[in-house]
Amino acid sequence: MALNIVVMAAGKGTRMKSARPKVLHRLAGTSLLQHVLNSCVPLQAIRTVVITGHGADEVEASAHGDGLVFVRQVPQLGTGHAIQQVLGALDAKASTTLILNGDVPLIRADTAATLAGACAGSQLALLTIELADASGYGRILRDAAGGVRGIVEHKDASAAQRSIREIYTGMMAAPTAALKRWVMALQNHNAQGEYYLTDIVAMAVAEGVPVVATQAASETEVLGVNSPVQLADLERRFQRAHAEALMEAGVRLADPARLDVRGTLHCGNEVEIDVNCVFEGEVRLGDGVCIGPNCVIRDSTIDAGAVIHSFSHIEGAHVGPGALVGPFARLRPGAKLGEAVHIGNFVEVKNSTLAAGAKANHLAYLGDADVGARVNYGAGSITANYDGANKHRTVIGADVHIGSNCVLVAPIHIGDGATVGGGSTLSKNAPPGQLTVARARQTSIAAWSRPTKTKR
Ligand code: UD1
Ligand code: CA
């Protein structure tokens, strides 16, 4: 079945009290509009039109998807007026047009597909749901036989109509040709002086076009975002569902209420995640990985058996099998740790490779370095990788011992098996197998007495 999709995203979102267009606020790290567009992908519409208006430049620049078409609605005179603007952009070959809201982010692809299927190019299909508190929403009017007769907006509804709990979710699927006819005939004689898309329901009924109501599977997928409170509420619902899916797959979460996944988290078997961890982008955790509390991990892969201790910040890194990281470690983009590498507290690693068994356990910096197997990199040592204009590499061979508080001025090469004495600042290569020390020799003065100083 050929399909048009229209996503309404022109509204201002006054209640967000933000300069940012409402549909660009983020839920789980992705904009509200992009969530909707992502849900549209499996539907394979022949055309997807996004209606923009408020903050149109920004909204259009941020939305991505195959063959998206943008139509601007200026000024914004209501949902019916919005659809009037897109009629020319709809593909007439698609007999069904699905209308979604850019501020209802968690709509499921299968629900949208069911809605489009219920239309099937010939019926008007509405997505509805019963809410305990229906205030603010358009109510579904039914006749004695249960047939849908129309939608009345909250502001136009009588007291009796306001007691109806079945509401219109803002999503419908309509026969494309009839939709064009109906929206062109809309009037704005109502409480808000707007062109209501919802008025087309009564028009369909009057023409004898069947109107069907499809019930949404869950409240979460039809809840809209109008305020920061609603945004935070949906975020928690989304995260809870994500946490439950992970637990069903065997992941042990210390507390499903204290997990945030903003992207995709792939977990192997026997993975444990403590509280308050944030996963962003694409993160892969291998079998048996253990993540301590309060870690932030972004676009990284942690191999089997690795342990990430509390308060570690990891981005664009690859942690090898059985490695130990943290607490308080920072792995920056390009950090590649081999098997059983240890990175301890207050150690920063950037664009560096550490071969199997290498250790940097305390207060150190490794930037633009290649560190050999079994190297011990002492506390407080750093690579001076930046000369003020360019970055240079430090190469440390296998089995090297770098003492504490060393400065390795790159470019520099420390040969295999070398030992660098603590407190050395090296700006020349160190040969393999030898002790290299670059600091003043220690002296003691026997006949020395401390000068006496008198207070003035
Ligand atoms: C609309 C429905 C209401 C339904 C509710 C569900 C109408 C008249 N009413 O009401 O029955 O219960 O959604 O949330 O349709 N928009 C535009 N251009 C405009 C106006 C709105 O693009 O001129 C977009 C908004 O950005 C938003 C969507 O349409 O994405 C809905 O607009 P909104 O003002 O939130 O509709 P409601 O008054 O809540
Ligand atoms: Ca409104």
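Position 1 is the first residue of the sequence; numbering continues from there. Counting convention: from 1, in listed order, for ligands and their atoms alike. The figures here come from the full heavy-atom set of this structure, side chains too, leaving out hydrogens, waters and symmetry mates.
- Checked by atom type and distance alone, the side chain of S31 never pairs as donor or acceptor with a backbone atom of L24 at under 3.5 Å.
- Not close to ligand 1: I167, with no non-hydrogen atom less than 4.0 angstrom away.
- Near T198, the atoms of ligand 1 lying under 4.0 angstrom from a non-hydrogen atom of the residue are 7 (C), 8 (C), 9 (N), 11 (O), 15 (O).
- Proximity of L77 to ligand 1, defined as any heavy-atom pair under 4.0 Å, is confined to the backbone N, CA, C and O atoms.
- Heavy atoms of A10 found under 4.0 angstrom from ligand 1 belong to the backbone as well as the side chain.
- There is a side-chain donor-acceptor pair under 3.5 Å between D368 and N351.
- Ionic pairing of E153 and R139 is not present here: no N-O contact between side-chain nitrogen and carboxylate oxygen is shorter than 4.0 angstrom.
- Close contacts of ligand 1 with T169, meaning ligand atoms under 4.0 Å from a residue heavy atom, involve 6 (C), 14 (O).
- In summary, the atoms of ligand 1 found under 4.0 Å from a heavy atom of D103, numbered by their order in the structure, are 27 (C), 30 (O).
- Salt bridge annotation for R181-E207: present, with a cationic side-chain nitrogen under 4.0 angstrom from a carboxylate oxygen.
- In this structure, G224 does not count as a contact residue of ligand 1, since none of its heavy atoms falls inside 4.0 Å of the ligand.
- Ring pair F311/F328 is parallel by interplanar angle, where below 30° counts as parallel and above 60° as perpendicular.
- With R165 contributing its side chain and S163 its backbone, the two residues share no donor-acceptor pair below 3.5 Å.
- A donor-acceptor contact under 3.5 angstrom links the side chains of H25 and S18, judged on distance only.
- Checking S227 against R15 by side-chain atom types alone, no donor-acceptor pair falls below 3.5 Å.
- Residue N101 holds the heavy atom nearest to atom 31 (C) of ligand 1 of all those in L223, N226, N101.
- Contacts with ligand 1 closer than 4.0 Å are made by side-chain heavy atoms of E153 only, the backbone lying farther away.
- Near Y196, the atoms of ligand 1 lying under 4.0 angstrom from a non-hydrogen atom of the residue are 8 (C).
- Those atoms of ligand 1 with a heavy atom of G138 less than 4.0 angstrom away are 3 (C), 4 (C), 11 (O), 12 (O).
- Using modelled atom types and a 3.5 Å distance limit, the side chains of S95 and T176 yield no donor-acceptor pair.
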**Item:** Audit row: R332, E348, salt bridge (charged side-chain N to carboxylate O under 4.0 Å, His left out) steps and yes/no
**Value:** CA-CA 7 Å; R332 291 171 54 202; E348 175 182 351; 2.5 Å; yes
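- Near Y168, the atoms of ligand 1 lying under 4.0 angstrom from a non-hydrogen atom of the residue are 3 (C), 4 (C), 6 (C), 11 (O), 12 (O).
- Taking only nitrogen or oxygen atoms, main chain and side chain alike, G11 reaches within less than 3.5 Å of ligand 1.
- Using a 4.0 Å cut-off between heavy atoms, Q73 contacts ligand 1 through its side chain alone, with no backbone atom that close.
- The option with the heavy atom closest to atom 20 (C) of ligand 1, from among A134, G170, G78, is G78.
- Looking at I51 next to ligand 1, no N or O pair under 3.5 Å apart turns up.
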